[in-house]
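Residue numbers count from 1 along this sequence. Values in this document were obtained by computation on a predicted structure and should not be read as measured data.
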Amino acid sequence: QVQLIESGGGLVQAGGSLSLSCAASGRTFRGYRMAWFRQAPGMEREFVAANRYSNGSAYYTDSVKGRFTISRDNAKNMVYLQMNSLKPEDTAVYYCAATRGFGGTTPDRWDYWGRGTQVTVSS
């Protein structure tokens with residue numbers, strides 16, 4: 001198993017940037033696909049971004065393409081989500097997720113979850 005802890009959330013003005021971090025425990029980090037999801041109050045958990053075992057294999061939900069970048073540093077057991085040009089509709093709790101499988105864009109494809117970090121974008 002892997003334990004995930006997110007950090008880096010906070011309050012930012014629309015148009016600003018935040019960088020989220022996900023620290024993963026365990027020796028097998030490189031064997032996991034990693035993802036970011038988000039969930040706003042009253043909404044279902046929404047896929048944001050994912051990658052495989054290295055940078056350059058990322059995919060994103062359409063609403064964040066060109067604004068968000070997922071990356072990972074396997075040597076540090078870290079996954080990041082750089083968020084630029086933030087909009088109020090990006091406000092949500094952001095969750096880091098991991099799977100030993102192939103992943104996907106629905107939460108049920110992911111096996112391990114962090115506790116989340118709050119991102120609030122003010123207008």
Side-chain angles (χ1 to χ4, degrees):
Q1 295 190 32
V2 58
Q3 293 187 79
L4 308 173
I5 301 176
E6 305 94 337
S7 62
L11 175 65
V12 65
Q13 296 288 324
S17 298
L18 283 175
S19 183
L20 305 183
S21 298
C22 175
S25 66
R27 297 170 58 193
T28 60
F29 177 76
R30 292 187 66 178
Y32 288 87
R33 287 174 168 83
M34 304 296 299
W36 290 93
F37 285 74
R38 64 188 181 186
Q39 188 166 23
M43 304 293 289
E44 294 184 347
R45 193 161 297 188
E46 175 191 25
F47 173 79
V48 177
N51 63 18
R52 294 186 295 176
Y53 312 119
S54 64
N55 296 319
S57 61
Y59 54 101
Y60 302 87
T61 191
D62 286 344
S63 64
V64 308
K65 286 181 179 177
R67 299 191 297 122
F68 291 10
T69 302
I70 186 172
S71 61
R72 64 194 292 161
D73 186 336
N74 291 330
K76 296 181 178 180
N77 284 4
M78 296 288 291
V79 179
Y80 308 97
L81 185 69
Q82 177 65 46
M83 305 184 294
N84 299 323
S85 301
L86 283 162
K87 306 173 182 179
E89 48 264 48
D90 295 318
T91 295
V93 176
Y94 282 70
Y95 297 91
C96 182
T99 183
R100 292 168 292 180
F102 293 102
T105 59
T106 55
D108 62 353
R109 302 295 296 269
W110 299 86
D111 303 308
Y112 307 103
W113 296 86
R115 295 173 61 186
T117 185
Q118 177 70 48
V119 172
T120 302
V121 184
S122 62
S123 60

Undergrad: Quick check: is Val12 connected to Val64 through a chain of hydrophobic side chains (ILVMFWY, heavy atoms under 4.5 Å apart)?
TA: yes
Undergrad: Report the distance from atom CG of Leu18 to atom CE of Met83, rounding to the nearest 0.5 Å.
TA: 4.5 Å
Undergrad: Could you grab the distance from atom CZ of Arg33 to atom CZ of Phe102, nearest 0.5 Å is fine?
TA: 6.0 Å
Undergrad: Which atoms form the tightest heavy-atom contact between Ala24 and Val2, and what is the distance?
TA: CB-CG2, 3.7 Å
Undergrad: Report whether Val119 and Leu4 are members of the same hydrophobic cluster (ILVMFWY, side-chain heavy atoms less than 4.5 Å apart, transitive linking).
TA: yes
Undergrad: Please name all residues satisfying side-chain hydrogen bond (donor to acceptor under 3.5 Å, both in side chains) with Asn84, sequence neighbours left out, ordered by chain then number.
TA: Ser17, Gln82
Undergrad: Would you give the length of the straight line joining atom OG of Ser71 to atom CE of Met34, rounded to the nearest 0.5 angstrom?
TA: 11.5 Å
Undergrad: Are side-chain heavy atoms of Glu6 and Leu20 found at a separation under 4.5 Å?
TA: no
Undergrad: Are Asp90 and Lys87 close enough for a salt bridge, meaning some N to O gap below 4.0 Å?
TA: no
Undergrad: Please list all pairs meeting ring-ring contact (aromatic ring centres under 6.0 Å, His included) that have one or both residues in residues 65-94, counting only residues at least two apart or in different chains.
TA: none
Undergrad: Would you give me the side-chain donor-acceptor pairs under 3.5 Å for residues 42-49, sequence neighbours excluded?
TA:
residue: Arg45; atom: NE; partner: Gln39; partner atom: OE1; Å: 3.2
residue: Arg45; atom: NH2; partner: Gln39; partner atom: OE1; Å: 3.1
residue: Glu46; atom: OE1; partner: Arg38; partner atom: NE; Å: 2.9

Undergrad: When you measure from the side chain of Trp110 to the backbone N and O of Gly104, does any donor-acceptor pair fall under 3.5 Å?
TA: yes
Undergrad: Which atoms form the tightest heavy-atom contact between Ala14 and Pro88, and what is the distance?
TA: CB-CD, 4.1 Å
Undergrad: Got a sec, which residues hit salt bridge (charged side-chain N to carboxylate O under 4.0 Å, His left out) with Arg100, two or more places apart in sequence or on another chain?
TA: none
Undergrad: So, taking the atom named OH in Tyr60 and the one named OG1 in Thr69, what distance separates them when rounded to the nearest 0.5 Å?
TA: 4.5 Å
Undergrad: Could I get the full list of side-chain hydrogen bond (donor to acceptor under 3.5 Å, both in side chains) partners for Thr120, not counting sequence neighbours?
TA: Gln118
Undergrad: Rounded at 0.5 Å granularity, tell me how far OH in Tyr32 sits from CG in Asn77.
TA: 11.0 Å
Undergrad: If you count the non-hydrogen atoms of other residues, nucleotides and ligands that lie under 6.0 Å from CD in Gln3, is the total more than 12?
TA: no
Undergrad: Sorted by first residue and then second, give each salt bridge (Lys or Arg N to Asp or Glu O under 4.0 Å) pair with at least one member in residues 101-121; sequence neighbours left out.
TA: none
Undergrad: May I ask you to test the Val79-Trp36 pair for a side-chain heavy-atom distance under 4.5 Å?
TA: yes
Undergrad: Which atoms form the tightest heavy-atom contact between Pro107 and Phe37, and what is the distance?
TA: N-CE2, 3.7 Å
Undergrad: For the atom pair CD1 (Ile5) and OG1 (Thr117), what is the distance rounded to the nearest 0.5 Å?
TA: 11.5 Å
Undergrad: Is there a continuous path of hydrophobic side-chain contacts, each under 4.5 Å between heavy atoms, that joins Leu81 to Tyr112?
TA: yes
